[in-house]
2 protein chains.
Amino acid sequence: MKNIGEVYPKAPSLCNCMNIRRASRATTQFYDEVLKSSGLTIAQLSLLRHIEGGELPTISELANMMRIDRTTLNRNVKPLVDAGMIVINPGKDSRTRQLALTEVGREVVVKGWELWGEAQASLKEYLGEDDLAKIIQLLSKLEALVP
Amino acid sequence: MKNIGEVYPKAPSLCNCMNIRRASRATTQFYDEVLKSSGLTIAQLSLLRHIEGGELPTISELANMMRIDRTTLNRNVKPLVDAGMIVINPGKDSRTRQLALTEVGREVVVKGWELWGEAQASLKEYLGEDDLAKIIQLLSKLEALVP
DNA sequence: TAATTATTAGTGTATATACACTTAATATTA
DNA sequence: TAATATTAAGTGTATATACACTAATAATTA
């Protein structure tokens, strides 16, 4: 298991938005470090995994699933296409395009998913069951700030 | 056509990193929207406010205060210098440079700070005292994941 | 069916993030 | 004091984020 690192006392900011932004950066850095040998960031792994959930999604469907801005997703897809992990095919509708994983993409996800499990388990152990459940609930409520 | 946003329920993700990343995006969008008329983002307002806390900081000192990567801060400072809100003077040490607010910067902070208070109060009302206190505590613990 | 509206995707622009690396200057040590 | 190590800042590169806008296509309506 990863060494989670020494806990220094760091007082929260007055601003709660900055508090969550710092926590988000730290959590991302932690997951990205664990995923490092897979060559994926946590954002990329999440994207790839959402493609295989059910029907092959269009850009807009994937953005809705991931609850991320569509134009952001559009940009995030590009390096994964360049790396040969995603292919973009014509969709049923001439306006749409369908995303799919390549064989390379599937292989990378397998590796990344394994490492992700370690990060996820470390976090669970670090926070404890109760605090983990509570923060999931509270983050969900924060997310609902925006429609 | 059916509304895709309602097809996918807003349940938390399996991945706790994505949960916090989504919550961070939503909270940022909420604060940015409230701050809109000031012309500042919450990240920019926070940066400007940290300059006036005590001694005028160098880039590295400010990065430590804000607990953000120094090179990120370096980039974030630029648009505020371009907008005439910050000036960069030589520091005591030839290696260092000292940041200070301009008169324009101080004026913008006054306006932004007022709006920030509204956003902060809205969030407090939205979450409630107990949940707000709890999430501040948990976010602080998450932040300590990284040294 | 022609005109209008809605949907889907993409682009321009700008900020936010951070790792790897470089340069310059100060501080420490052999 | 000369060599080395440390510190501060900046740059190259790349991903992540999102608003405003455009273009193309499909769906709806007059």
Side-chain angles (χ1 to χ4, degrees), chain A residues 17-18 20-33 35-36 39-47 57-64 66-83 85 88-99 146, chain B residues 1-5 17-18 20-33 35-36 39-48 57-64 66-83 85 88-99 146:
Chain A
C17 187
M18 295 314 288
I20 191 166
R21 287 170 65 92
R22 283 198 317 279
S24 176
R25 288 198 300 267
T27 307
T28 298
Q29 283 164 25
F30 175 70
Y31 275 74
D32 282 353
E33 178 61 32
L35 289 179
K36 197 168 187 179
L40 295 175
T41 64
I42 183 60
Q44 293 172 334
L45 176 61
S46 175
L47 196 165
T58 65
I59 291 273
S60 289
E61 286 167 350
L62 189 57
N64 278 314
M66 296 183 69
R67 282 167 264 168
I68 193 170
D69 185 89
R70 182 188 53 79
T71 68
T72 297
L73 180 67
N74 199 51
R75 258 69 189 244
N76 293 355
V77 160
K78 192 172 188 311
L80 300 174
V81 172
D82 293 346
M85 300 177 189
I88 305 184
N89 299 309
K92 298 172 184 177
D93 185 317
S94 296
R95 289 172 299 185
T96 64
R97 304 199 301 157
Q98 218 167 29
L99 304 183
V146 165
Chain B
M1 175 156 286
K2 65 186 173 184
N3 181 350
I4 291 173
C17 188
M18 295 314 289
I20 191 166
R21 286 171 64 91
R22 284 198 316 280
S24 176
R25 287 199 299 267
T27 307
T28 299
Q29 282 164 26
F30 175 71
Y31 275 74
D32 282 353
E33 177 61 32
L35 289 179
K36 198 167 185 178
L40 294 175
T41 64
I42 183 59
Q44 292 172 334
L45 176 61
S46 175
L47 196 166
L48 293 175
T58 65
I59 291 273
S60 290
E61 286 167 351
L62 188 57
N64 280 320
M66 297 183 69
R67 283 168 263 167
I68 193 171
D69 185 88
R70 182 188 51 78
T71 68
T72 298
L73 180 66
N74 199 50
R75 257 72 188 243
N76 294 356
V77 161
K78 192 172 186 312
L80 299 173
V81 172
D82 293 346
M85 299 177 190
I88 304 183
N89 299 310
K92 298 172 183 175
D93 186 317
S94 295
R95 291 172 298 185
T96 64
R97 304 199 300 157
Q98 218 167 31
L99 304 182
V146 167

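Remember, it's a predicted structure, so these values are computed and weren't measured experimentally. Side chains included, hydrogens not; waters and symmetry mates left out as well; all remaining heavy atoms used. Reminder, nothing fancy here: chain letters follow the sequence lines and each chain counts from 1.
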*For atom CD of B:E33 and atom C1' of D:dT17, their distance in whole Å*: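 Rounded to whole Å, this separation is 16 Å.
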*Student check: side-chain heavy atoms of A:R22 and A:M18 closer than 4.5 Å*: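 Touching, per the 4.5 Å side-chain cut-off.
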*Which part of the nucleic acid does B:S94 contact within heavy-atom distance under 4.0 Å: base, sugar-phosphate only, or nothing?*
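Sugar-phosphate contact only.
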*Identify which nucleotide among C:dC19, C:dT8, D:dA16 has an atom closest to any side-chain atom of A:S60, counting heavy atoms from C-beta outward.*
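For A:S60, the side-chain atoms sit closest to C:dT8.
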_Whole-Å distance separating the CZ atom of B:R21 from the P atom of C:dA18_ =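 In whole Å, C:dA18 P lies 10 Å from B:R21 CZ.
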*A:R25 CZ to C:dA16 C1': how many Å, rounded?*
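My rounded result for the distance is 9 Å.
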*Where the side chain of B:T58 is concerned, which of D:dA9, C:dA18, D:dA16 is the nearest nucleotide?*
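The nucleotide sitting nearest to the side chain is D:dA9.
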*Would you check if B:I68 and B:L47 make a side-chain contact, meaning some heavy-atom pair closer than 4.5 Å?*
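Answer no - side chains too far apart.
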*Touch check for B:T41, heavy atoms < 4.0 angstrom, all strands: base, sugar-phosphate only, or nothing?*
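Answer is sugar-phosphate: B:T41 comes under 4.0 Å of backbone atoms only.
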*Is the shortest side-chain N/O distance from A:Q44 to OP1 or OP2 of D:dT15 below 4.0 Å?*
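Answer no for this pair, as no side-chain N or O of A:Q44 is under 4.0 Å from OP1 or OP2.
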*asked:* Reading DNA chain D from 5' onward, which residue's closest nucleotide shows up sooner: B:T71 or A:I68?
replied: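 Its nearest nucleotide lies further toward 5', so the answer is B:T71.
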*Ignoring hydrogens and angles, tell me if any N or O in the side chain of B:N76 forms a donor-acceptor pair with the backbone of B:Q44 under 3.5 Å.*
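Side chain of B:N76 to backbone of B:Q44, a donor-acceptor pair under 3.5 Å: no, none is there.
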*Contacts to DNA chain C from residues 74-83 of chain A, heavy-atom cutoff under 4.0 Å, which residues?*
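Per residue number, the list reads A:N74, A:R75.
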*Check the distance between C:dA14's P and B:D32's CG and give it to me in whole angstrom.*
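Answer to the nearest Å: 17 Å.
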*With sequence neighbours left out, what residues match A:D69 under salt bridge (Lys or Arg N to Asp or Glu O under 4.0 Å)?*
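A:D69 satisfies salt bridge (Lys or Arg N to Asp or Glu O under 4.0 Å) with no residue once adjacent residues are dropped.
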*For the pair made of CE in A:M18 and C1' in C:dA16, what is the distance, rounded to whole Å?*
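Distance check: A:M18 CE to C:dA16 C1' gives 10 Å.
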_Partners passing salt bridge (Lys or Arg N to Asp or Glu O under 4.0 Å) against A:K78 (at least two apart in sequence or in another chain)_ =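 Scan of A:K78 (salt bridge (Lys or Arg N to Asp or Glu O under 4.0 Å), adjacent residues dropped) gives A:D82.
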*What does A:R70 touch in the nucleic acid at a heavy-atom separation under 4.0 angstrom: a base, only the sugar-phosphate, or nothing?*
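If one applies the 4.0 Å heavy-atom cut-off, A:R70 turns out to touch a base.
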*Calculate the interatomic distance between B:D69 atom CG and D:dT11 atom C1'; express it in whole Å.*
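The answer, rounded to whole Å, is 13 Å.
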*Who passes salt bridge (Lys or Arg N to Asp or Glu O under 4.0 Å) against B:R70, sequence neighbours left out?*
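Listed in chain order: nothing, the list is empty.
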*Listed by chain and number, what are the side-chain contact (heavy atoms from CB on, under 4.5 Å) partners of B:E61, not counting sequence neighbours?*
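Once residues adjacent in sequence are excluded, the partners of B:E61 under the side-chain contact (heavy atoms from CB on, under 4.5 Å) criterion are B:P57, B:T58.
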*Between A:I59 (CD1) and C:dT7 (C1'), how many Å, whole number?*
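Answer to the nearest Å: 15 Å.
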*Any side-chain N or O of B:T72 less than 4.0 Å from the OP1 or OP2 oxygen of C:dA18?*
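B:T72 to C:dA18 OP1/OP2: side-chain N or O found under 4.0 Å.
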*Contacts of type salt bridge (Lys or Arg N to Asp or Glu O under 4.0 Å), residue B:R25, not counting sequence neighbours*: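 In terms of salt bridge (Lys or Arg N to Asp or Glu O under 4.0 Å), with neighbours along the sequence ignored, B:R25 is linked to no residue.
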_Just to verify, what does A:T28 make a side-chain hydrogen bond (donor to acceptor under 3.5 Å, both in side chains) with, not counting sequence neighbours?_
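side-chain hydrogen bond (donor to acceptor under 3.5 Å, both in side chains) list for A:T28, sorted by chain: B:R21.
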With 3.5 Å as the limit, what N/O pairs link the protein to nucleotides 2-7 of chain D?
unit_1	atom_1	unit_2	atom_2	d
D:dT7	O2	B:R95	NH1	3.0

*asked:* Run the side-chain hydrogen bond (donor to acceptor under 3.5 Å, both in side chains) test against A:R75 and tell me which residues pass, sequence neighbours left out.
replied: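 Applying side-chain hydrogen bond (donor to acceptor under 3.5 Å, both in side chains) to A:R75 gives none.
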*asked:* Tell me the interatomic distance from A:Y31, atom OH, to C:dA18, atom P, rounded to whole angstroms.
replied: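 My rounded result for the distance is 17 Å.
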